[in-house]
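Below is one structure, written out as structure tokens; comments come after it.
It should be emphasised that the depicted structure is a prediction, and the values quoted were computed from it without experimental measurement. Both backbone and side-chain heavy atoms feed into the values below; hydrogens, waters and symmetry mates do not. Proteins come first, then strands; the chains are lettered A, B, ... in the order of their sequence lines, and each starts at number 1.
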Amino acid sequence: MEKPAVTLNNIKKSYRTGLRMKRKVAVEDLSLDVTRGDIFGLLGPNGAGKTTTIKVLLGIVFPDEGNGSLLGCPLGDRKAHERLGFLPEQPYFYNFLTAEKGLVLYGKFFGLEHRLLAKRTPELLDLVGLRQDSHLTLDKYSKGMLQRFGIAQALLNDPDLVIMDEPSSGLDPLGQKEVRDILLQLRERGKTIFLSSHQLSEVETICSSVSIVNMGRTVKQGRLDDLLAVRGMTRIIFKGEDPAALDALIPVASDVEQSDGRTVVDVETDVTFRALETAHGLGMEMISATPLRLSLEELFLETIRETAG
Amino acid sequence: MKNVLSIAVNVIKDAARKKVFYVVFLFGLAIVALSPLLPTFDLGARAQFLRDISLSLTSLFGVVLAVILSVSQIPGEVERRTIYNILSKPVSRLQYLVGKYLGIMVSIAAILLVMGLEIVLLIFIRLHVFTPLIFEGVFAVFLECAVIAAFCVMLSTFATVPVNAFAAVLFYLVCHVKTGFLHQKLVEGAFGVGKVFTWALYYVIPNLEDFNLSQPVGYGGGAGAAYMLRLTAYALLFVVIFMVAAYLVFRSKDL
Ligand SMILES: Nc1ncnc2c1ncn2[C@@H]1O[C@H](COP(=O)(O)OP(=O)(O)OP(=O)(O)O)[C@@H](O)[C@H]1O
Ligand SMILES: [Mg+2]
């Protein structure tokens with residue numbers, strides 16, 4: 001079995017906030033594993049410790065306790081960074097450089113040859129839609145443009161692992177879609193992606209596994225499909241809002257709801273046929289029957305509520 | 001090594017962008033403005049005097065420049081957090097630190113070189129005397145700047161910019177004045193613990209007065225190759241000590 005792309009074991013990190021003051025705990029006890037080839041989402045409310053976790057991964061801050069690995073190398077080993085791309089939370093770039101010069105500068109740190117850089121720079125600028133503005137210095141960029149630049153520079157070395165702290169922050173819907181497509185393309189090429197995000201719908205469409213953190217602890221982790229599936233439950237959707245159907249289905253179903261001209265019935269999977277027969281008897285038209293699945297938002301809110309306080 | 005160079009080049013470009021290199025014009029103006037104030041002695045004495053004061057001025061400019069260039073280098077990048085993106089690349093903290101220092105020193109060297117040329121040119125134009133010897137003094141100033149910049153870089157790994165700048169001035173004053181004072185004490189002969197203490201201080205604090213060559217370069221035939229070699233080794237020793245200390249702090253610092 002291949003080693004995970006990222007591991008963190010029982011990371012604890014606190015910050016000193018003043019000379020005599022108590023240390024502020026940012027990450028209490030956080031563990032995670034990211035399988036190679038996955039798109040992994042680190043989720044959590046504001047201040048949960050996502051950025052701190054990423055800083056620990058990159059060796060920008062040092063954990064008080066715990067350890068981890070990046071691409072098979074222990075944390076802090078610069079070798080791993082050669083195959084790593086990183087998008088910071090905010091555009092912390094040299095803003096006196098043009099996008100083009102910025103890419104060249106950051107590319108040099110990967111030891112990329114001048115020729116290769118000259119070829120890759122325009123490609124990346126095209127990819128993120130900045131070709132037109134590549135001669136403008138970054139301080140004249142809008143927020144979304146800076147984010148696009150950030151994504152371009154994170155891909156300079158054709159990394160095996162891309163770590164992105166809120167990749168779609170500041171992007172317009174088109175930009176968000178473009179980023180999603182870029183990430184999916186990367187996954188197709190076998191790359192691993194580690195992202196933190198608040199865009200739950202986005203995470204739901206692209207991530208294969210997630211970890212939810214709250215107050216510095218991992219509170220839920222796993223494959224997204226497993227986490228969202230409500231085991232043994234099926235949701236059947238019928239056309240129409242017949243009140244008679246409500247009465248007939250309630251004894252069979254766990255939950256029946258009528259709205260927007262539809263009747264939504266959640267049943268235990270082994271009684272699906274009984275529910276269907278009942279509905280058939282009433283002449284109802286079925287739209288779909290699928291395994292019941294929470295939305296990521298539901299899961300997230302539920303998890304955070306459960307673990308609050 | 002490549003990473004060190006890239007970081008150094010970036011420091012130099014940043015200095016250029018902030019128009020730091022314009023100080024050479026300021027310096028040129030300053031020495032031109034000072035030269036008419038010469039007492040009207042004979043030609044030789046005037047050349048000597050001009051060498052002396054322009055070298056002192058070089059030292060002043062160099063030291064101020066060393067402090068300005070080095071105090072905010074690292075805190076600035078930490079504050080703006082541009083350092084995150086650099087360190088996420090395969091750049092070690094040691095490379096980062098050394099690159100920064102190298103960039104500072106190359107900038108100072110370039111500026112001092114131009115200042116030296118300006119002095120030679122000025123003395124040649126005004127007095128028709130060619131004095132390449134001035135570069136010996138300029139080189140000593142460069143060495144002094146190297147020590148001061150290393151001191152500031154070390155402090156900048158933990159102190160804030162104003163504290164650092166203040167400490168740098170203090171360092172400069174102590175190293176210039178105090179060593180003379182301590183030397184006096186040693187020669188006069190202190191006793192017991194006092195003597196050991198004085199002795200220790202005398203050797204622990206870099207004796208920056210040694211880098212002031214305005215006497216031998218201004219009025220004599222220079223300090224000589226042997227002295228310059230010893231001075232270089234002496235400066236290098238302190239640079240290494242300060243940079244090692246800087247690395248020890250910076251290596252495990254949360255950014
Ligand atoms: N340098 C610091 N000094 C002190 N406390 C800090 C520091 N950086 C982060 N913290 C604290 O650590 C906690 C976690 O912060 P972090 O930035 O990791 O959150 P986050 O999950 O990224 O939040 P967001 O979604 O808002 O980006 C917060 O309570 C924050 O106040
Ligand atoms: Mg964050």
Original post:
Would you say B/Glu79 has more than 12 foreign heavy atoms packed within less than 6.0 Å of its CD?
Top reply: no
**OP:** Answer with side chain, backbone, both or neither: which region of A/Gln90 has an atom nearer than 4.5 Å to a non-hydrogen atom of chain B?
**Re:** neither
Subject >> side chain to side chain contact (heavy atoms under 4.5 Å, CB included) assessment of B/Lys13 paired with A/Phe96 >> reply: CA-CA 10 Å; B/Lys13 280 188 183 160; A/Phe96 51 89; 5.6 Å; no
Subject >> B/Leu5, part contacting chain A, at a heavy-atom distance under 4.5 Å >> reply: neither
**OP:** Would you please say whether a donor-acceptor pair under 3.5 Å links the side chains of A/Tyr92 and B/Glu77?
**Re:** no
Original post:
What option among B/Gln95, B/Lys2, B/Arg80 has the most heavy-atom pairs under 4.5 Å with chain A?
Top reply: B/Arg80
Original post:
So does B/Phe158 have more than 12 non-hydrogen atoms from other groups sitting under 6.0 Å from CZ?
Top reply: yes
Subject >> Heavy atoms from other residues, nucleotides or ligands near OH of A/Tyr15 exceed 12 (cutoff 6.0 Å) >> reply: yes
Subject >> Region of A/Leu105 that comes under 4.5 Å of a non-hydrogen atom in chain B >> reply: side chain
Subject >> Under 4.5 Å from a heavy atom of chain A, the part of B/Arg17 involved >> reply: side chain
**OP:** List the steps and the verdict of side chain to side chain contact (heavy atoms under 4.5 Å, CB included) for A/Tyr94 and B/Asn85.
**Re:** CA-CA 10 Å; A/Tyr94 294 121; B/Asn85 208 42; over 6 Å; no
Original post:
side chain to side chain contact (heavy atoms under 4.5 Å, CB included) between B/Ile7 and A/Phe109: does it pass, once the steps are laid out?
Top reply: CA-CA 9 Å; B/Ile7 288 176; A/Phe109 292 122; 3.6 Å; yes
Subject >> OG-CG distance between B/Ser88 and A/Leu87, expressed to the nearest 0.5 angstrom >> reply: 9.5 Å
**OP:** Could you list which of residues 243-255 of chain B have a heavy atom closer than 4.5 Å to any heavy atom of chain A, in residue-number order?
**Re:** B/Arg251, B/Ser252, B/Lys253, B/Asp254, B/Leu255
Subject >> chain B contact residues among residues 76-84 of chain A, heavy-atom distance under 4.5 Å >> reply: A/Arg78, A/His81, A/Glu82, A/Leu84
Subject >> Spacing of A/Glu89 atom CD and B/Tyr84 atom OH [to the nearest 0.5 Å] >> reply: 9.0 Å
**OP:** Tell me, out of A/Asn95, A/Val61, A/Ile60, A/Leu58, who's got the most heavy-atom pairs with chain B below 4.5 Å.
**Re:** A/Ile60
